[in-house]
Amino acid sequence: AIEGIQVGLGTNLYGGFEQAANALKGVHVKGACPKILLLTDGLPSRGTRDRRAFVSLAETLRESGIMSSTIGFGFGYDEQQLIDIALAGDGNYHFVHNTGDLSDIFSIELKATQEIELRDCQLTVKPKDSVLSMELLHDYPTKHDAGALIINVGSVGRLSPRRLLL
């Protein structure tokens with residue numbers, strides 16, 4: 001797929017994301033944790049531009065066991081969109097000021113993938129009846145179920161600990 005990239009034709013970020021997803025569908029290697037690294041230096045100018053579609057695809061991939069991390073080059077892209085994709089995809093977001101940073105980022109991503117101990121980890125907090133309210137002070141996805149707060153903390157590993165503040 002990389003040899004098909006052409007310069008100067010705009011940014012079809014969703015198309016690239018979707019192609020990577022299709023390439024990984026059905027590929028299962030025991031003990032492996034597949035991950036997409038979505039790189040961009042610009043805003044989506046071609047193809048799907050709907051922010052929710054990107055997050056939805058990242059969520060669907062995560063549910064099928066594929067993580068998504070994002071890498072933004074320079075200052076011409078939507079940082080929040082890349083953060084949202086990475087959060088939904090149980091991955092990481094990286095800012096690249098110069099291409100020399102890429103080898104460190106690839107190393108971090110490879111190590112993080114190899115060090116995963118738990119996938120799709122959820123924490124259920126069921127307070128005593130005397131607790132009147134509870135708030136999570138993080139951006140982890142949550143839901144309420146039968147008086148309990150269920151927090152989806154994603155993958156947890158030696159290089160990706162999770163900290164929660166309630």
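Heavy-atom basis, side chains included; hydrogens, waters and symmetry copies ignored. Note that this is a predicted model, so its numbers are computed, not measured.
Listed for the N12 side chain is a donor-acceptor partner under 3.5 Å among the backbone atoms of G15.
The CG atom of L57 sits 7.0 Å away from the OG atom of S68 when rounded to the nearest 0.5 Å. Between L13 atom CG and E18 atom CD the span is 11.5 Å, to the nearest 0.5 Å. Once rounded to the nearest 0.5 Å, the distance linking OG1 of T70 with CG of L37 reads 9.0 Å. Atom CD1 of residue I151 and atom NZ of residue K143 lie 12.5 Å apart, to the nearest 0.5 angstrom.
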Next on the checklist: Walk me through whether T40 and F73 qualify under side chain to side chain contact (heavy atoms under 4.5 Å, CB included).
Outcome noted: CA-CA 6 Å; T40 188; F73 292 87; over 6 Å; no
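Cluster membership check: F75 does not share its hydrophobic cluster with L39, using side-chain heavy-atom separations under 4.5 Å among Ile, Leu, Val, Met, Phe, Trp and Tyr. I85 and I105 fall into different hydrophobic clusters, where Ile, Leu, Val, Met, Phe, Trp and Tyr side chains are chained together by heavy-atom contacts under 4.5 Å. I36 and I71 sit in two unconnected hydrophobic clusters of ILVMFWY residues. Membership requires side-chain heavy atoms under 4.5 Å apart, directly or through other members.
Contact annotation: the side chain of M67 never approaches that of L61 to less than 4.5 Å [non-hydrogen atoms, C-beta and beyond]. Residues L102 and V96 have side chains in contact (heavy-atom distance under 4.5 Å, counting atoms from C-beta outward). Side chains of T124 and L149 form no contact here, defined as non-hydrogen atoms less than 4.5 Å apart. At least one side-chain heavy atom of K35 sits under 4.5 Å from a side-chain heavy atom of S69. Under the 4.5 Å side-chain criterion, counting only non-hydrogen atoms from C-beta, L43 is not in contact with T11. Side-chain contact check for D90 versus E63: every heavy-atom pair is 4.5 Å or farther apart.
The only member of T60, L87, D84 that meets side-chain contact (heavy atoms from CB on, under 4.5 Å) when paired with V55 is D84.
In this structure, Y14 and F54 have perpendicular ring planes: the angle between them is above 60°, well past the 30° mark.
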